[in-house]
Amino acid sequence: MKNAMPKNSTQTKAEKLREDFPILKTMVRGTPLVYLDSAATSQRPSQVLAAYCLFCQSHNANVHRGIHSLGEQATDRYEAARERVASFIGAPSKHTVIFTRGTTESINLVCYSYANKFLKRGDIIVLTPMEHHANLVPWQLVANITGAKLRYWPMKPDGTLDMSATNDILKPPVKMVALTHISNVLGTINPVTEITAAAHAIGAKVLIDGAQAVPHISVNVSEIGCDFYAFSGHKMCGPTGIGVLWGREELLEEMDPFMTGGEMIQEVFLDHSTWNEIPYKFEPGTPPIGEAVSLGAAVNYLSDVGMDWIEKHDHKLAAYALERLSSEEGIEIYGPLNGERGALISFNVEGIHPHDLATLLDRDGIAVRAGHHCAQPLMRQLGVPATARASFYLYNLHEEIDQLMEGIHRAKEVLAYAR
Amino acid sequence: MKNAMPKNSTQTKAEKLREDFPILKTMVRGTPLVYLDSAATSQRPSQVLAAYCLFCQSHNANVHRGIHSLGEQATDRYEAARERVASFIGAPSKHTVIFTRGTTESINLVCYSYANKFLKRGDIIVLTPMEHHANLVPWQLVANITGAKLRYWPMKPDGTLDMSATNDILKPPVKMVALTHISNVLGTINPVTEITAAAHAIGAKVLIDGAQAVPHISVNVSEIGCDFYAFSGHKMCGPTGIGVLWGREELLEEMDPFMTGGEMIQEVFLDHSTWNEIPYKFEPGTPPIGEAVSLGAAVNYLSDVGMDWIEKHDHKLAAYALERLSSEEGIEIYGPLNGERGALISFNVEGIHPHDLATLLDRDGIAVRAGHHCAQPLMRQLGVPATARASFYLYNLHEEIDQLMEGIHRAKEVLAYAR
Amino acid sequence: MPDDLYGEILLDHNRYPRNFGALESPTVHVEGKNPLCGDELALDLVFDGDSLKEIRFKGQGCAIAMASTSMMTEMLKGKSAQEIREWIERFKNFMRDGGALPDDADMGDLEALSGISKLPVRVKCALLAWTTMEEGLKQLAKK
Amino acid sequence: MPDDLYGEILLDHNRYPRNFGALESPTVHVEGKNPLCGDELALDLVFDGDSLKEIRFKGQGCAIAMASTSMMTEMLKGKSAQEIREWIERFKNFMRDGGALPDDADMGDLEALSGISKLPVRVKCALLAWTTMEEGLKQLAKK
Ligand SMILES: Cc1ncc(COP(=O)(O)O)c(C=O)c1O
Ligand SMILES: Cc1ncc(COP(=O)(O)O)c(C=O)c1O
């Protein structure tokens, strides 16, 4: 099987890129690791780790407040990372890029600082049934606090949003639309530009959860036209402990701070305080400095590899996996089947609980995710307790999908049709 | 001068420890770095960086949700770090250790999840005039939201709390006492155990900001008896992007979540959700995994060096700096003069603005901090716009204090008595 | 290790679960679930005084959850509430202690679950039956 | 570089600030501060029509803030509002562009501040006088 796979244009480059990821040479129970869980967290190339180490060993200091050279160097590098990120996502200015811990904090920030302040009883918040808990639970609390109501965009059987419902869904008093750019379960790529335009037409604001998009496709927040865009470092070859909230400048200016403390203030008196300018208003205390520098390096890495190339490679892998999985008996696949999808596939093998499948695949060194993928409401809608999910990234190879299929065959031998 | 300094017992070990910190060999404008700004952020030993790199290159995966081996390894290491931290601070159980981004987030978490829920109009929150903005501004917002009032503990001219005022300060309706363990400006070590006992006697809860304590003295939250204890990784030889909130189990159980999203939930429905158990209830989304592992390594490093030794070494450095600075003409020193203080000294040189002093010292490679140190109300009470601050840690040497003094002399030649 | 994990005995219990189904008028009906896994379980218990006369279960879950439940029903049938409590403790320790066999009792088929104790994320699958049973005993005590 | 920074000219302005003090009945009184530094500045401006006839300042701050203010008062005295606006822009660019001298004007003593542009944290000290002056012009326009 392995030898039968025709090489293709992106394959050669991917093989080369793997050199940058020493962890991919890890042995699991005696077999080489096949890492198909990048949607949960990606691996980090040596270049990014090296940038982190260089910072720690040569420029480490606290930022913004230090007059000494080391403090200046640290601040320069921290702010340069912000600039890199801003240009990577097409932000109109670097001041609109806020460093957070991750997508989850970014969305919570919008909920606390924007939604709790500006939404009110009777307003409607539109979500989709495919949201990650990070873009769902915070809105439930906003609804509790403000009296706004949640409305869910209907989804078609193929796991795409029913766009024919747009006019029914997007009408006053909808004030907020929060949706994922790419679903971490279905792989659906939502038409965020179109939805943003429709939402703006009725005066609603739009937040996009880009956790699964920024690592995989080239994203330009200005072209999308949205109001907030959130993503995480650890899914895009960067470190844990850092993420980004991009926000429209006027909105960021109007918002109250979320967390308070040092650095985000202008003046502090015993009984009250005034706030620093954006983005610092939203970055209280010592920020994740080394992590930001490292995210900047990840952005450089992705740019060097080329987002176009990544998108193409991802697409080929997903299409091949889709082809292999759908030509196999007893496998149910969730999400769009036409290839218009992100680099991940959720599926179930008849008669095998996904947890058992994941455990059995792990025996062969194959790391897939199994569970609800932080999307319990979606699982209920799909009518399954859980799914298995294989997700791909720039370092994955076609051969690894073959290995996945072989693993599934072995798992079937052990367990399938058991009950 | 350098040769005249008698070596002492801790000096030899400190010289040896410096090998672990390659950044200390950095040259600044041609002279070797003298890093006297560890109170802002400490430097990180190679061992801690190595632990981080090992994790990234061999065990990197998302935690808690992964069935595959890498996911298990990552979870094991993340939870082992929690256990190390718990035992380092004498926490009764590891479930009471919550990983946050830093002291600032830890305190904000208590304000949002505990104080906003349990304080009410008429209640009093006791603070001290020496609080860092991180333990001041969040309480101002709590006061705004709940209607509780702030009360400040009076401070004596020597920068210690006036303990004779205890009965006046701590009486109903005081419900919360939030104070720093060691002041980041004055170096004052507050009697937190005594204050906790007095606060508990009137039914008030106690939060201690340990950002400057945990790195420098051995802290046992069970012995102190407090309710919450907050600190940061980056000031204790660990990385940025991680900190800790320790909380009393009963209180953590009663509290609502702060941020919401994945991992902190139990069940999510379209319209509501239920929460996971502690500490996960307070750790939404992907946590700073590599940073936690690295903090665990920092705790190991500090334990290996020995907190007793660190305390002794710190103490010697502070005493020597105090001696040198106070025998110099035209220098005002803030905080206790009796040597009962943390490893930092704030001061001003007559006729030289601290910013100019810091810039001039930087010319000699000496990194000190100058500014309000995130304590503007304290600056006002001291009657100065800013101070210079030299802070010490396990890798500092007596010679470096001599270099500081020489630098101050040169700065005086350039600027002092200028106006 | 997963090879042992999905060994003959476990697979047999998964394929042919013992005491599967429901009971007409159980003394206690108790449900348990593992929301993080999506595992769900319903136990019907008939007690004769202090003694578990009949037990049946229904539910969905992974092979480990199913097998553990099936094995549990076999092991506990006929035991007294006190003995059941001891077995729950014993099984929890078995999972916690890396699958070391207790020296005070014969684990029977449960021995086949030993490998699970080394897979922390799967331990909760094996425990579901037992924590649900624990809840059942609490309900019994309230009667 | 800090050696040039605290050169003779800067130190002279710091030691003997020009136009220090207050004016009796200024056309505009404007205050500025740098809360993050604790620097504070008050400017008294007397305009004769469009032209800055008199300027005095008081305040506290670092040597850089003091010298920059002193130099500014010398440079702007006698200038028209429009010229002042141009000078404010010119000085901001001077700080922003790493201290490159503009080719459309002689910076005079201000040249001595060139090194500051390389110390981002200190730039705001040098700018305080100029942003306060900018605010002063806004107030003038409202009169
Ligand atoms: C006493 C004190 N509290 C709180 C903080 C804030 O810590 P962080 O910036 O790591 O959140 C600091 C350090 O800046 C501090 O010294
Ligand atoms: C679509 C989506 N949104 C949000 C998140 C949460 O990101 P994080 O855990 O980095 O905060 C994830 C990843 O887990 C995701 O896939």
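Throughout, protein chains are lettered first and strands after them, A, B, ... in sequence-line order, and every chain is numbered starting at 1.
Residue-level contacts of residues 102-109 of chain A with chain B, in order of numbering, are A:T104, A:E105, A:N108; threshold 4.5 Å between heavy atoms.
Shortest non-hydrogen contact noted between A:P287 and B:T240 is O-CB, 3.7 Å. In this structure, B:Q376 and A:Q266 approach most closely via the heavy-atom pair NE2-O, 3.1 Å. Residue B:D362 comes nearest to A:S69 through the heavy atom pair OD2-OG, 2.6 Å, listed as atom of the first residue, atom of the second, then distance. The two residues A:C374 and B:G262 come nearest to each other via the heavy atoms SG-CA, 3.9 Å. Of all non-hydrogen atoms in A:D37 and B:H68, the two that sit nearest each other are OD2-NE2, 2.8 Å. Between B:F269 and A:Q140, the shortest heavy-atom contact is O-NE2, 2.6 Å.
No other option in B:P257, B:A358, B:P138, B:G243 has as many heavy-atom pairs under 4.5 Å with chain A as B:P138. Counting heavy-atom pairs closer than 4.5 Å to chain A, the top-ranked of the candidates B:L70, B:L136, B:I366 is B:L70. Ranking A:L270, A:T41, A:T26, A:L49 against chain B, the residue ahead of the rest is A:L270, based on heavy-atom pairs under 4.5 Å. Of the listed residues A:G365, A:G241, A:A74, the one with more heavy-atom pairs under 4.5 angstrom with chain B than any other is A:G241. Each of A:L127, A:T260, A:V137 has some count of heavy-atom pairs under 4.5 Å with chain B, and the biggest count is that of A:T260. Between chain B and the options A:C53, A:A375, A:G371, the largest number of non-hydrogen pairs under 4.5 Å is found for A:C53. The residue among A:R380, A:H355, A:K25, A:E267 with the most heavy atom pairs within less than 4.5 Å of chain B is A:R380. Chain A forms the most heavy-atom pairs under 4.5 Å with one residue out of B:Q73, B:M264, B:M259, and that residue is B:M259. For the options A:H272, A:E263, A:M379, A:R369, heavy-atom pairs under 4.5 Å to chain B are most numerous at A:R369.
The shortest side-chain heavy-atom distance between B:T286 and A:S232 does not fall under the 4.5 Å cut-off. Counting heavy atoms from C-beta on, the side chains of A:Q57 and B:R44 never come closer than 4.5 Å.
Heavy-atom distances place the side chain of A:L150, and not its backbone, under 4.5 Å from chain B. Interface remark: B:V28 contributes side-chain atoms only to the contact with chain A (heavy atom separation under 4.5 Å). Contact of B:L378 with chain A is not made at all, since no heavy-atom distance falls under 4.5 Å. The part of A:S58 that comes within reach of chain B is its backbone (N, CA, C, O), which places non-hydrogen atoms under 4.5 angstrom from that chain. Of the atoms belonging to B:L141, it is side-chain heavy atoms, and not backbone ones, that fall under 4.5 Å from chain A. If you measure heavy-atom distances from A:Y152 to chain B, the contacts under 4.5 Å come from the side chain alone. For a residue to count as touching a neighbouring chain, one of its non-hydrogen atoms must lie under 4.5 Å from one of that chain's; by this rule A:H234 touches chain B with the side chain only. In this structure, chain B has no heavy atom under 4.5 Å from any part of A:I242.
Residue pairs meeting the ring pair (Phe, Tyr, Trp, His ring centres under 6.0 Å) criterion with at least one member in residues 35-63 of chain B, sequence neighbours excluded, are A:Y52-B:Y52. A salt bridge (charged side-chain N to carboxylate O under 4.0 Å, His left out) check over residues 131-142 of chain A, counting only residues at least two apart or in different chains, returns nothing.
A donor-acceptor contact shorter than 3.5 Å links the side chain of A:N60 to the backbone of B:S42. Proximity of a side-chain donor or acceptor of B:N62 to a complementary backbone N or O of A:A40 within less than 3.5 Å is detected.
The line from SG of B:C56 to CD of A:Q43 is 9.0 Å long, rounded to the nearest 0.5 Å. Note that CZ of A:F258 and CZ of B:F258 are 3.5 Å apart. Values are rounded to the nearest 0.5 Å.
Scored by the side-chain contact (heavy atoms from CB on, under 4.5 Å) test, A:A51 finds A:A297 as partners (sequence neighbours excluded).
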